[in-house]
Amino acid sequence: MSELLNFNYPPEQAVERVTFFADVILPLPLPKLYTYRIPFEMNDEVLVGARVIVQFGSKKVLSCIVAEIHQNAPAEYQAKYILDVLDDKPIITTPQLKLFKWIADYYMCTLGEVINAALPSALKLSSESRIQLHPHYNPEEDELILAPQEEKIIYALQHNQALTFSDVGTLLQLKSYHKFIKSLIQKEAIIIYEQVSDKFSPKVVKKLRISEHFVQDEGMLEELFNQLAPQPKQLDVLLNYLQKVPVHQDIHLNYKGITKSELANSPHLSASSINTLIKKGVLEQFDQVVSRFPVEHQAKLLPMALSEHQAKAKDEILGLFKEKDTVLLHGVTGSGKTEVYIDLIKHALDSGGQVLYLLPEIALTAQIVQRLMKVFGDKLGVYHSKFSDNERAEVWQGILSGRFQVVVGVRSSVFLPFHDLSLVIIDEEHEASYKQYDPAPRYNARETALMMAHLQGAKTLLGSATPSVETYYNCKTGRWGLVEMTKRFGEAQLPDIELVNTREEQHRKNMHSHFSGKLLTAIEERLNRKEQVILFQNRRGYAPFISCEECSWIPKCRHCAVSLSYHKYNNELRCHYCGYHERMPHDCPACGATTLKSMGFGTEKVEDELKLLLPNADVQRMDLDTTKKKNSYQQIIADFETGKTNVLVGTQMVTKGLDFEHVSLVGILNADTIINFPDFRAHERAYQLFVQVSGRAGRKEKPGAVIIQTRDPLQPIFRKVRSNDYLSLYEHEIEERMRFVYPPFVRMIKVTVKHMDERVAENAAIVLAKDLTDRMGKQQVLGPEVPYIFKIRNLFLQEVHIKLPRETTNLRAAKSQIAQAIFNLKLLPDFKDVRIVADVDPV
DNA sequence: AGCACGCCGACT
DNA sequence: GTCGGCGTGCTC
């Protein structure tokens with residue numbers, strides 16, 4: 001813009017300087033954007049979607065995203081200047097910014113919260129206060145009276161350019177170091193300043209090459225050989241280098257060099273002779289910036305052989321995409337949906353767009369990544385919660401630069417900077433874990449991905465063996481397309497499902513702890529046949545609670561309204577809500593009896609008892625407790641894959657995405673807790689879980705078996721699971737949802753009121769519910785009610801549920817009513833510190 | 001979310 | 001008498 005003006009008028013006449021302002025999104029939970037003034041010389045550099053540095057408040061300097069550039073000078077205040085521009089290209093794309101605004105709007109949070117969740121923290125900058133010596137202060141000459149602590153700080157600053165506050169804290173071994181800093185500032189011995197530092201650091205490897213002056217021509221290299229002849233070890237190193245880097249063929253190869261480990265990795269080459277060569281100046285060390293994602297495979301976009309059913313499904317999907325933007329692929333477990341996805345991704349890449357392939361956290365395994373790597377090679381980016389910050393930033397940049405065209409990732413991948421999306425795949429579409437519950441943004445990646453696809457004109461394919469009722473409803477009403485795959489891949493049979501009535505078995509004295517005789521025999525059989533078994537128990541730990549046999553005392557969490565779970569491996573009682581833990585008491589703190597008994601059972605107990613009952617079984621447990629370390633998850637899977645272990649006991653984790661050839665039996669130890677969960681989705685969930693776990697049994701020609709232990713085998717859900725009758729489950733569920741007014745017929749918003757004082761929480765919720773009822777009518781507001789777990793982290797909870805009829809509600813207006821009601825409630829002095837959280841489409 | 005400003009208890 | 005506790009309110 002400025003160039004344009006300068007072009008038209010000579011600079012000295014260009015008095016009409018246009019002043020621009022930028023509305024920026026701060027990475028904070030603030031409801032509005034803040035307007036900063038763009039310094040004239042930055043007019044061309046400040047771009048929507050790029051990061052700029054601003055001072056916010058009296059000292060903090062931080063990076064934020066430019067959301068809008070305009071010329072409207074704020075009337076009521078003097079805008080501060082933008083201090084610096086960090087990016088010469090936007091790091092947030094225009095469609096992304098639109099999506100973020102939608103998320104903030106739809107899920108009732110601030111844009112700052114969205115940005116905060118979206119950006120890898122390596123791309124977020126915030127300043128830190130640092131101190132350095134005052135430029136006019138000379139500690140050697142100026143005589144100041146200093147406290148010993150102050151002298152210490154000055155001494156440290158004479159040897160270090162600058163210190164952060166926490167540096168000072170560690171230096172003095174003190175928590176209250178502030179007064180010394182203050183005093184030194186007053187004495188003008190030091191100054192304080194704000195420093196932002198870029199957290200993204202490219203990965204650097206140390207490499208070696210022959211020093212340049214030896215490779216200018218052949219003769220010099222020969223001379224070098226002669227020189228080194230008396231030192232055979234060093235000569236060896238050189239020869240080895242030339243073998244790996246044939247400099248004699250192309251002299252420029254030397255420039256790229258070789259890593260030290262590559263060179264040293266040959267036998268009888270010692271590191272010391274390499275080091276000697278470095279010291280002599282024959283080899284030189286240099287740093288090279290490399291990708292954190294090394295290219296292991298080149299993309300092989302060859303046509304892949306799809307089975308007849310897969311090819312048919314693919315054609316149907318492509319056919320439906322001509323008229324619909326969204327299609328559901330409903331394929332039974334083991335029908336080979338992944339191959340269909342891969343084929344469609346290739347198809348999408350051919351037309352030049354980007355692809356996002358969403359998977360739930362626990363289904364995104366090394367297995368699937370490797371498979372995709374083989375096909376898409378270095379075009380594939382992976383986005384995972386176990387990735388480091390720098391790795392995430394690199395994926396982010398890689399998508400912007402066009403290096404990654406396909407991304408396979410978890411929930412948060414919907415925040416990535418796609419700008420030319422042509423296909424989105426949402427696998428395991430029904431998964432509740434696509435919904436983030438805490439903290440804000442409380443978004444559902446499925447809905448967000450659908451909106452992103454919509455904004456970018458991309459097609460969306462949802463996939464599931466057990467679709468959510470909402471999704472299937474959208475297909476049934478014709479909004480979305482539907483493609484069914486009813487055959488398992490390679491003619492594999494669906495497993496045979498057997499129910500064991502644990503109530504009866506107990507009467508017949510046929511229960512061995514939590515195992516029925518039938519299940520034990522079946523496990524033994526598989527082990528004898530060298531086959532493998534998966535056991536599912538939906539509860540971690542040893543026992544969900546313990547109880548005194550004498551006085552019935554049950555240990556409870558001191559911060560939450562739940563009993564403490566017993567974890568045997570560390571002899572601890574632990575709260576699964578806040579993490580509080582204490583040692584398992586030896587005797588009852590209430591009555592002193594030594595008869596504390598564990599009640600119920602979790603995965604740890606299953607593992608324990610199975611080892612006792614079947615001593616020749618190699619049992620491994622997979623749950624949150626055994627997979628906390630970075631690679632333990634992979635290790636457990638690898639051990640099971642290679643047959644090192646033959647029984648895998650686990651929670652939800654064993655139900656998704658795992659394909660093991662030799663698993664011929666799956667046991668569900670206690671189906672009842674899953675079915676009887678107090679939630680309108682309990683049946684749907686139970687069905688999904690049972691079908692998904694069952695799907696782990698039997699592949700190829702071996703039909704698998706599933707044994708479900710339950711006290712109530714007559715539950716109609718079992719009939720549906722056994723006959724794989726999704727449709728009848730759906731029809732039953734949709735009817736109930738209609739009758740009791742639940743999604744998909746209404747949108748739900750759950751408002752949770754929290755306060756330390758039970759009465760305050762209750763009263764606040766009553767007032768809020770009343771206000772909401774006045775605003776939106778009696779039909780739409782339910783509660784307040786006390787949730788099943790009524791206290792978490794010392795906050796008492798109250799819930800108000802709002803039901804908004806899907807077709808008739810003006811969503812935006814309804815949400816603004818809710819926001820108003822919350823705002824007004826907080827204005828009341830009694831309720832000023834109640835915490836209120838709105839959760840849109842809770843799951 | 002920070003951070004500053006502002007009003008009440010335990011220390012030199 | 002001050003230091004420093006954290007309650008309230010603002011940040012372009």
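Residue numbers begin at 1 in each chain, while the letters A, B, ... track the order of the sequences. Keep in mind that this is a model prediction, so the values were computed, not measured. The analysis underlying the following values was restricted to heavy atoms, covering all of them including side chains, and did not include hydrogens, waters or symmetry mates.
A side-chain hydrogen bond (donor to acceptor under 3.5 Å, both in side chains) with A:D839 is found for one member of A:K750, A:R442, A:Q436, A:K435 and no other, namely A:K435.
Taking atom NZ on A:K59 and atom C1' on B:dC3, their separation rounds to 8 Å, with Å as the unit. Look at NZ on A:K124: it is 11 Å from P on B:dG2, rounded to the nearest Å. With rounding to whole Å, A:F180 atom CZ is found 12 Å from C:dC3 atom P. One atom, CD1 of A:I25, and another, C1' of B:dA1, lie 16 Å apart when rounded to the nearest Å. Residue A:N72 contributes atom CG, which lies 14 Å from atom C1' of C:dC12 at whole-angstrom precision. Rounded to a whole Å, the CG atom of A:L28 is 5 Å from the C1' atom of B:dA1. Look at CD on A:Q55: it is 14 Å from C1' on C:dC10, rounded to the nearest Å. As rounded to whole Å, 13 Å separates atom C1' of C:dT8 from atom NZ of A:K826.
Among the heavy atoms of the strands lying under 4.0 Å from A:K32 is at least one base atom, whether or not backbone atoms are also near. Across all strands, A:E113 comes closer than 4.0 Å to no nucleic acid atom at all (heavy-atom distances). Residue A:L30 is in base contact, counting any heavy-atom pair closer than 4.0 Å across all strands shown. Counting non-hydrogen atoms under 4.0 angstrom, A:T35 reaches a base of the nucleic acid.
Taking 4.0 angstrom as the limit, A:K60 places none of its side-chain polar atoms (N or O) nearer than this to OP1 or OP2 of B:dG2.
Put simply, A:F56 rests on the base of C:dT11: the two rings are less than 5.5 Å apart at their centres and nearly parallel, under 30°.
For A:S58, whose side chain is taken as the heavy atoms from C-beta onward, the closest listed nucleotide among C:dC12, B:dA4, B:dG2 is B:dA4. If you check C:dT11, B:dC3, B:dA1 against the side chain of A:P29, the one that comes closest is B:dA1.
Although no hydrogens or angles enter the test, the distance criterion places no donor-acceptor pair under 3.5 Å between the side chain of A:N116 and the main chain of A:G112. Of the possible donor and acceptor atoms, one in the side chain of A:Q96 sits under 3.5 Å from a partner among the backbone N and O of A:T93. A distance-only check finds no donor-acceptor pair linking the side chain of A:D87 to the backbone of A:K89 [under 3.5 Å].
If you check distances only, the side chain of A:Y36 never reaches the base of C:dC12 with a donor-acceptor pair under 3.5 Å.
Electrostatic pairing of A:K101 and A:D105 does not count as a salt bridge here, judged by no charged N lying under 4.0 Å from a carboxylate O.
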